[in-house]
**Q** 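Just dropping this structure here.
Bear in mind the structure is a predicted one, so any value in this text is a computation, not a measurement. Numbers restart at 1 for each chain; the letters A, B, ... are given by sequence-line order, proteins then strands.
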2 protein chains.
Amino acid sequence: MMNKVNSLHSQSKVYVGIVHQLREMISKDGLKQGDKIPSERELSERLNVGRSSVREALRALELLGLIETRRGEGTFLRDFRDHHLIDLLGMFILQDHKAQQDVKCTKTMIEKEALRTIFCQNLDVSALISKVAEDNDSLTWREIFEGVILVSNNYLSHRIWNVLNDYETLIIGEKKITPEIKEKLLTLLQGLENQDKESVQTAYKQICEIGDQELTNSNIFL
Amino acid sequence: MMNKVNSLHSQSKVYVGIVHQLREMISKDGLKQGDKIPSERELSERLNVGRSSVREALRALELLGLIETRRGEGTFLRDFRDHHLIDLLGMFILQDHKAQQDVKCTKTMIEKEALRTIFCQNLDVSALISKVAEDNDSLTWREIFEGVILVSNNYLSHRIWNVLNDYETLIIGEKKITPEIKEKLLTLLQGLENQDKESVQTAYKQICEIGDQELTNSNIFL
DNA sequence: AGAAAAAGGTGGTCTGACCACTGTGACCCT
DNA sequence: AGGGTCACAGTGGTCAGACCACCTTTTTCT
């Protein structure tokens with residue numbers, strides 16, 4: 001008898017096939033984060049494969065942070081934002097300076113594009129402005145730009161940005177919001193609201209410069 | 001008797017400990033890409049763990065693209081830049097939210113950024129020009145823009161673009177290079193070479209419009 | 001009814017077995 | 001000596017079964 005996994009992905013190893021089966025299963029059954037997936041033994045039976053192969057697939061996904069296993073309970077889907085790709089990759093490619101630079105460029109690209117979209121479509125940033133305007137010291141860099149990108153309404157970019165930001169944070173630590181940056185941020189956001197292209201551009205550029213400056217001071221890897 | 005892996009990472013699961021051991025082993029022995037790492041059985045013995053646990057760790061790293069296994073030969077380190085970060089993200093993040101619009105926007109963003117980089121740094125695109133200029137009917141859309149992005153020298157963006165392009169191709173099929181587009185492409189590339197910002201922008205915009213038009217004709221999902 | 005004990009399910013790990021594939025080296029024939 | 005063949009050892013790929021530790025649920029006892 002032909003087993004399901006191999007019949008669909010005949011050239012792959014079993015565990016890779018299982019990863020694919022799992023993905024299909026998740027989307028077919030509409031599983032969301034926090035939902036429980038079948039037990040290892042049940043998967044092993046349903047897919048006609050050994051439990052060790054199921055575990056190889058599951059452990060791989062777990063290392064990536066896509067699933068979470070709780071002994072005695074079962075295996076559950078995690079919030080995809082929580083994946084550990086970053087830690088893993090960082091662990092292995094930390095020494096690659098070019099990679100770091102690529103991360104920074106790509107992240108900046110997404111931020112700029114988000115600002116551009118907001119500007120061109122004149123999207124509402126008033127919520128962000130009041131958030132920044134609040135005298136809140138616990139405000140993080142991530143919250144701000146995550147907000148910006150969310151407003152620009154590109155889910156995919158948001159995901160990618162999150163990954164890149166995690167990576168950067170891992171390497172150089174959390175960026176602080178200084179009063180100086182806060183001021184520039186307000187200028188930027190108000191520029192977006194008032195359709196003042198010039199001030200948006202210069203403010204963003206200044207923010208980046210300040211960030212870079214801080215980066216070179218704190219990056220122990222450079 | 002206490003085993004090595006658990007003595008160092010007592011709270012972790014065994015396979016996670018093995019991943020760490022492996023990383024240390026790699027840096028201590030100065031292993032480079034292409035080098036062979038010990039066999040599963042030897043690792044199992046050296047670390048005092050079961051072979052299945054070793055395999056769970058190895059399979060996870062393989063799924064990430066950090067190592068490569070060849071049956072009958074052994075396990076080898078891969079080029080770390082070949083990691084599958086993006087592919088995996090694509091597989092699990094793009095699955096349910098089939099936000100085609102997001103894919104298109106993000107892909108366009110990368111292309112524009114690449115063009116901008118090439119323009120600002122005045123990078124050499126003569127190779128691309130001659131490639132397009134050749135009367136070669138087998139020229140694909142992918143080849144062109146992959147070339148553009150490669151010239152811009154952002155590996156990470158390149159990887160992301162590849163995934164997005166694959167995804168788009170899967171949904172709407174391969175884009176054809178019509179003579180009209182070919183002409184615009186040449187205009188664009190020559191604009192890059194001659195530092196003619198205006199013609200680059202308008203040519204790219206026109207290319208996108210033509211592409212969109214074709215897209216709405218052929219997209220069976222819309 | 002409430003608490004304690006037992007049972008069943010789940011992931012975590014190890015062992016041993018078998019298969020398919022690869023490289024190597026001994027062996028044989030010319 | 002040269003060239004080819006073949007058996008063997010090593011490697012990853014997979015499976016089955018056995019424990020263990022832990023959690024939840026059910027049953028049992030007080």
**Q** If you draw a 6.0 Å radius around CD in A:Glu42, do more than 12 non-hydrogen atoms from other residues or ligands fall strictly inside?
**A**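 Atom CD in A:Glu42 is packed in, count exceeds 12.
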**Q** Tell me: CD of B:Glu62 to P of D:dG12, nearest whole Å?
**A**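 Going from B:Glu62 (CD) to D:dG12 (P), I get 11 Å.
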**Q** Rounded to whole Å, please give me the gap between CZ in A:Arg55 and P in D:dG17.
**A**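 Roughly 17 Å, once rounded to whole Å.
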**Q** Indicate, with a heavy-atom threshold strictly under 4.0 Å, whether B:Thr75 touches base, sugar-phosphate, or nothing.
**A**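 Answer is sugar-phosphate: B:Thr75 comes under 4.0 Å of backbone atoms only.
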**Q** Could you give the CZ-to-C1' distance, from B:Arg41 to D:dT14, as a whole number of Å?
**A**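 Rounded to whole Å, this separation is 11 Å.
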**Q** A:Val49 has a side chain; which of D:dG12, C:dG11, D:dC15 sits nearest to it?
**A**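 Taking heavy atoms from C-beta onward, the closest nucleotide is D:dC15.
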**Q** To check you understand the geometry: which heavy-atom pair defines the closest contact between A:Ala57 and A:Val19, and what is its length?
**A**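 A:Ala57 and A:Val19 have their closest heavy atoms at CB-CG2, 3.9 Å.
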**Q** When the distance from CD of B:Glu73 to C1' of C:dC21 is rounded to whole Å, what number comes out?
**A**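 From B:Glu73 CD to C:dC21 C1': 9 Å.
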**Q** For DNA chain C, whose closest nucleotide is more 5', that of A:Ser52 or that of A:Ile37?
**A**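 The residue mapped nearer the 5' terminus is A:Ile37.
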**Q** Think B:Ser53 has a side-chain N or O under 4.0 angstrom from the OP1 or OP2 of C:dC14?
**A**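 True: B:Ser53 side-chain N/O within range (under 4.0 Å) of C:dC14 OP1/OP2.
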**Q** Look at the side chain of B:Lys36 and decide which nucleotide, out of D:dT11, C:dC14, C:dT10, has an atom nearest to it.
**A**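 Nearest nucleotide to the side chain: D:dT11.
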**Q** Any Lys/Arg nitrogen of B:Lys107 or B:Glu111 sitting under 4.0 Å from an Asp/Glu carboxylate oxygen of the other?
**A**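 Judged by the 4.0 Å cut-off on N to carboxylate O distance, B:Lys107 and B:Glu111 do form a salt bridge.
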**Q** Starting at CD of B:Glu56 and ending at P of C:dG11, how long is that distance when rounded to a whole Å?
**A**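 Rounded to whole Å, this separation is 12 Å.
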**Q** Tell me the closest heavy-atom pair linking B:Pro38 and B:Leu43, and the distance in Å.
**A**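 Looking at all heavy atoms of both residues, the closest pair is O-CD1, 3.7 Å.
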**Q** If you look at every strand shown and take non-hydrogen atoms under 4.0 Å, does A:Gly50 touch a base, only sugar-phosphate, or nothing?
**A**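 Sugar-phosphate, no base atom in range.
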**Q** Any donor-acceptor pair, under 3.5 Å, between the side chain of B:Arg51 and the base of D:dG13, if you only look at N and O atoms?
**A**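 Flag set: donor-acceptor pair detected.
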